[in-house]
S.K.: 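Dropping the structure in here first, questions after.
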Amino acid sequence: MTSTGPLVSTTRGPVRGERRADGTYRFLGIPYAKPPVGALRFAAPEPPEPWTEPLDATAYGPTAQRRPFAEVTTIPEPSVPGAGVLNLNVFTPDTAPAEGLPVLVWIHGGGYVAGSAASPWYDGAAFNRDGVVLVSLGYRLGIEGFLHLEDAPANRGVRDWIAALEWVRDNIASFGGDPAKVTVAGQSAGGGAVLTLLAVPAARGLFRGALAVSGAVLRPDGPETARAAARLLTARTGLPATAEALRDLSDDALLALQDRLAEDGPDREGLPPMPALAPFADGELIPVPPAEALTAGGAGAGVPLLLGFTADEFSMIPAPDGVPLPVLLGALGLDEARAAAFAAAHPGAPEPALFGKALTDVLFRAPNLAVADARAAREHPTWLYEFTWRSPVLGLALHCLDLPFAFDLLDAEGVPEVAGATPPQTLADAVHRAWVAFVKDQDPGADWPRYTPGGRATMLWDTESRVAADPLAHVRALWPY
């Protein structure tokens, strides 16, 4: 550790970061809670023990991810060993006005079972250049973060998000940020985290704006689903779904249990088509299901929300072998007439590809449209987009493709493999500029009007971006939500 790096005092002790070549600063791996090990493995997060000597904050801290989400993932997501996974990273400009800069707090995706805040795609350099402090955070995943346990607090991963936001509230001014100007953002499961936090009373006042990128909104997401997942784990493994039974298992053993929970089978009835390990309404921290709170209630009233998705999120996922398409579409919520209309809306698409398109609609496009419509009906400030630029490598606007554009990191590791050698910098300029404007002013700009019941203005991000009036009406008509 260099003794010449920037030194900042936090409420628990001093941290020493590094000055980067562009003149900005970064502080990596700062603990916002104690390591969740031993008796704390399934407990609510607790503040870290204070320290007096400067903490080396020049390398990313341990990640809860012990293996990637899949053998090949779009986003480079390093796994860093170690116990202190409840840590965060701060990227900040070298100068800040006396009143402090706006702050973007980033929650990574990974299906609530994987993902890493140490990804080079989440570097805050471009946001720092444009006068925004960026914080990225790690949180407990999978069984440790989200399995319902009778003898442990529910939604431990959600509690981690809240603890990190409380750390930002209490410390970000020391890094040049304004705790009153925090926008919480995330992609995929991280986008779902943002939508969940809008429905959590304990998170109120910790952020003033929300940015949900390809947010996964799962139904059902109530206590019945959580208990069904716990029962399934016990039925398949013989282990009680309790902290006492699971606390001392190795990481590999816990991952093996997680794999058993994810296996297909008739005993999964009642569980959502995607992860059984996700935020759920526990009646306490999350009073009602987030999807219900966002579409039927007033959750997030007054909090500006920018949300959207890519055009082809999961379109690459093939249909399961041997299962007729009408059966698959029926399982996803389409009756016979709507299934026929869905197929007709995609002329020329081979039947196996329609399943992935249906997953894209049911997991991302339809539920986010429902959130936007419900908020617009209550005059809550909302902006909707669809990222339609298709990669020349993949031929689709797939899940995660928009992130290097939003972070203005087209030269980052792994980007050419998914976006080609020369992705359009003008598109990155436009998307990133809208994000910065939203974080600073809670409005993405004059050329992007609010989403309202009358106009349903939707930004279509492409080489030639434009705002269209209700371009996704067919999705709303086909998918009941």
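None of these values were measured; they are calculated from a predicted model. Both backbone and side-chain heavy atoms feed into the values below; hydrogens, waters and symmetry mates do not.
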S.K.: Tell me if a side-chain donor or acceptor on N87 pairs with a main-chain N or O of P62 at a distance below 3.5 Å.
M.R.: yes
S.K.: Could you please spell out the steps behind the salt bridge (Lys or Arg N to Asp or Glu O under 4.0 Å) verdict for D123 and R20?
M.R.: CA-CA 12 Å; D123 191 288; R20 310 178 78 182; 2.6 Å; yes
S.K.: Kindly give the heavy-atom pair with the smallest separation between N368 and L307, and that separation in Å.
M.R.: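 Residues N368 and L307, closest heavy atoms: OD1-CD1, 3.3 Å.
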S.K.: Taking only residues two or more places apart in sequence, or in another chain, which ones meet R260 in a salt bridge (Lys or Arg N to Asp or Glu O under 4.0 Å)?
M.R.: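 Applying salt bridge (Lys or Arg N to Asp or Glu O under 4.0 Å) to R260 gives E263.
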S.K.: Measuring only between side-chain heavy atoms, which start at C-beta, is R129 closer than 4.5 Å to D22?
M.R.: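 Result no, sub-4.5 Å side-chain heavy-atom pair not found.
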S.K.: Please check if the distance between the ring centroids of H399 and F364 is under 6.0 Å.
M.R.: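 That pair passes the under 6.0 Å test.
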S.K.: Do K440 side-chain atoms and D130 backbone N/O form a donor-acceptor pair below 3.5 Å?
M.R.: yes
S.K.: I'd like to check P444 versus L306 (side-chain heavy atoms, cut-off strictly below 4.5 Å). Are they in contact?
M.R.: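 With C-beta onward as the side chain, the pair touches.
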S.K.: Are R67 and D251 within salt-bridge range, i.e. N to O under 4.0 Å?
M.R.: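 Between D251 and R67 there is no salt bridge, as every charged N stays at least 4.0 Å from the carboxylate O atoms.
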S.K.: For the aromatic rings, using the six-membered ring if either is Trp, is the centroid distance between F175 and W167 under 6.0 Å?
M.R.: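 When the ring centroids of F175 and W167 are compared, they turn out to be within the sub-6.0 Å range.
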S.K.: Counting C-beta onward and ignoring hydrogens, is there a side-chain heavy-atom pair between V418 and S391 closer than 4.5 Å?
M.R.: no
S.K.: Is there a side-chain contact between Y32 and D160 in this structure, where contact means two heavy atoms from C-beta onward sitting under 4.5 Å apart?
M.R.: yes
S.K.: Kindly state each residue pair satisfying salt bridge (charged side-chain N to carboxylate O under 4.0 Å, His left out) with at least one member in residues 360-369, sequence neighbours excluded.
M.R.: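 Residue pairs passing salt bridge (charged side-chain N to carboxylate O under 4.0 Å, His left out), neighbours aside: D361-R365, R365-E386.
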S.K.: Is it the case that the ring center of F27 lies less than 6.0 angstrom away from the ring center of F91?
M.R.: no
S.K.: Quick check on the 6.0 Å ring-centre criterion: do F407 and W106 meet it?
M.R.: yes
S.K.: Are the side chains of L206 and V182 in touch, meaning some heavy atoms are under 4.5 Å apart?
M.R.: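 SC-SC contact between L206 and V182 ruled out.
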S.K.: Does any non-hydrogen side-chain atom of R156 lie less than 4.5 Å from one of L147?
M.R.: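 Answer yes - side chains close enough.
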S.K.: Just wondering, do W121 and P76 contact through their side chains at under 4.5 Å, heavy atoms?
M.R.: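 SC-SC contact between P76 and W121 confirmed.
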S.K.: Do any N or O atoms from the side chain of T295 and from the backbone of A370 form a donor-acceptor pair under 3.5 angstrom?
M.R.: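 Answer holds: no.
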S.K.: For the rings on F146 and F280, is their centre-to-centre separation under 6.0 Å?
M.R.: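 No.
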S.K.: Measure centre to centre between the rings of Y139 and W161, then say whether the value is under 6.0 Å.
M.R.: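 Yes: the rings meet the under 6.0 Å criterion.
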S.K.: Would you mind reporting whether E313 and F387 have side-chain heavy atoms less than 4.5 Å apart?
M.R.: no
S.K.: Crowded around E244 CD? As in, over 12 foreign heavy atoms under 6.0 Å?
M.R.: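 Incorrect, the count does not exceed 12.
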S.K.: Which heavy-atom pair separates A245 from P240 by the least distance, and what is that distance?
M.R.: CB-O, 3.6 Å
